[in-house]
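Down below is the structure, laid out as structure tokens.
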Amino acid sequence: MRSYICDIETVPLPESELVALMPDAIKNPVMPETLKNPPPVDLSKCPEYKGKKDQSELQDLWRADKQAKHAEAIEDACAEWEEKAIGAKQRFIEDAALSPTTATVKLIGLKDSTSGIAYIAVAGATTAEKSRLNEGAYPCKIAFKFWETEADMLRAFSSNINNGGVVEGNTDQSSGYKLVTFFGNGFDFPFIFKRCWILGVLAPWML
């Protein structure tokens, strides 16, 4: 039976599109009212400095110190909140490549274990990217196939899978084939399925 080692590479959507997909709590975080308008510090428990002639001055110093520490605590809390809000947005962007709703399939690789040829389908490659890929040095023979859009690439991939030919032009279909992946059932194939659904492309049901 012919076997193919299969892998995909995903890339996040442009940041402008990612922002539109962010939950409101991440996209437009609202600072709690207690931080924006903090309650006044409690100065009612000012100590009495009995026996001290300058008690009034000492009490004023205590109140000033109490207010300064309160203001500093509020400032630190606001800074911490802002840091967390920025961090949540950054994590959303960093994790975007792992979700089919916030990322696209950029590349699908299939290496034929019989011939040793790796068939690499690439979606939306620029002229510069195509040149770098075609001129690269690889440990095995590479056959690149460039598609204008991700939908075109997934449509061709699904069609070949559904029709029993993993690689376009493969004539050895009668013996069947198997796909070899690392965690493909947990990531690659569900990702491909969901991207097909999102783009309105017939999913590779044979998987």
Side-chain angles (χ1 to χ4, degrees), residues 1-21 89-207:
M1 176 179 287
R2 205 178 193 105
S3 63
Y4 294 86
I5 300 171
C6 180
D7 192 22
I8 70 171
E9 290 295 332
T10 63
V11 295
L13 295 169
E15 190 166 331
S16 59
E17 295 181 38
L18 288 179
V19 171
L21 295 172
K89 184 176 290 187
Q90 190 59 39
R91 282 192 300 276
F92 184 91
I93 294 173
E94 290 173 353
D95 294 343
L98 302 177
S99 170
T101 59
T102 55
T104 67
V105 180
K106 179 70 173 180
L107 177 154
I108 301 176
L110 292 163
K111 184 177 181 181
D112 188 335
S113 61
T114 301
S115 68
I117 300 174
Y119 299 89
I120 310 293
V122 185
T126 64
T127 301
E129 287 173 334
K130 291 177 183 178
S131 296
R132 285 198 299 270
L133 289 171
N134 284 323
E135 295 169 3
Y138 305 102
C140 66
K141 184 177 179 181
I142 302 287
F144 286 107
K145 178 73 174 181
F146 297 103
W147 300 94
E148 286 296 318
T149 67
E150 178 195 16
D152 291 337
M153 180 179 71
L154 292 178
R155 190 175 292 109
F157 176 77
S158 296
S159 175
N160 289 326
I161 289 286
N162 290 341
N163 293 327
V166 181
V167 177
E168 190 174 10
N170 177 18
T171 57
D172 183 21
Q173 299 177 13
S174 60
S175 61
Y177 59 86
K178 63 180 178 180
L179 297 177
V180 181
T181 69
F182 176 76
F183 200 56
N185 286 338
F187 180 79
D188 302 60
F189 297 151
F191 199 104
I192 289 175
F193 262 83
K194 291 173 184 176
R195 287 305 298 169
C196 286
W197 293 338
I198 289 170
L199 295 170
V201 173
L202 179 66
W205 58 267
M206 195 171 182
L207 297 178

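Within a 6.0 Å sphere centred on CZ of F182, other residues, nucleotides and ligands contribute 12 heavy atoms or fewer. Surrounding CD of E94 are more than 12 heavy atoms belonging to other residues, nucleotides or ligands, all under 6.0 Å away.
Using modelled atom types, one side-chain atom of R195 and one backbone atom of A103 make a donor-acceptor pair closer than 3.5 Å. A distance-only check finds no donor-acceptor pair linking the side chain of T102 to the backbone of L98 [under 3.5 Å]. Judged purely by atom type and a 3.5 angstrom limit, T181 has no side-chain atom pairing as donor or acceptor with the backbone of C6. At distances below 3.5 Å, at least one donor-acceptor pair connects side-chain atoms of E150 with backbone N or O atoms of V105. Using a distance-only test at 3.5 Å, with no hydrogens or angles considered, a donor-acceptor pair links the side chain of K106 to the main chain of G124. Using modelled atom types, no side-chain atom of S3 and backbone atom of S113 make a donor-acceptor pair closer than 3.5 Å. With hydrogens and angles disregarded, no donor-acceptor distance shorter than 3.5 Å links the side chain of D152 to the backbone of W147.
Nearest heavy-atom pair, F187 versus A97, reported as atom, atom and distance to 0.1 Å: CZ-O, 4.4 Å. Minimum heavy-atom separation, K111 to G116: CE-O, 3.6 Å. Across every non-hydrogen atom of P100 and K194, the tightest pair is CG-CD, 3.5 Å. Minimum heavy-atom separation, L21 to F92: O-CZ, 3.9 Å.
Atoms CG and CD1, on L154 and I108 in that order, are 5.0 Å from each other to the nearest 0.5 Å. In this structure, CD1 in I8 is found 6.0 Å from CZ in F191, a value given to the nearest 0.5 Å. Of the inter-residue distances, the one linking T101 atom OG1 with L18 atom CG reads 9.5 Å to the nearest 0.5 angstrom. Between the CG atom in L179 and the CD1 atom in I5 there is a gap of 11.0 Å [rounded to 0.5 Å]. The OH atom of Y119 lies 7.5 Å from the NZ atom of K141; values are rounded to the nearest 0.5 Å. Atom NZ of K145 sits about 14.0 Å away from atom CG of L110, to the nearest 0.5 Å.
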C196 and I198: CA distance, side-chain angles, deciding distance, side-chain contact (heavy atoms from CB on, under 4.5 Å) verdict: CA-CA 5 Å; C196 286; I198 289 170; over 6 Å; no
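The aromatic rings of F144 and F146 lie parallel to each other, with less than 30° between the two planes, well short of the 60° mark.
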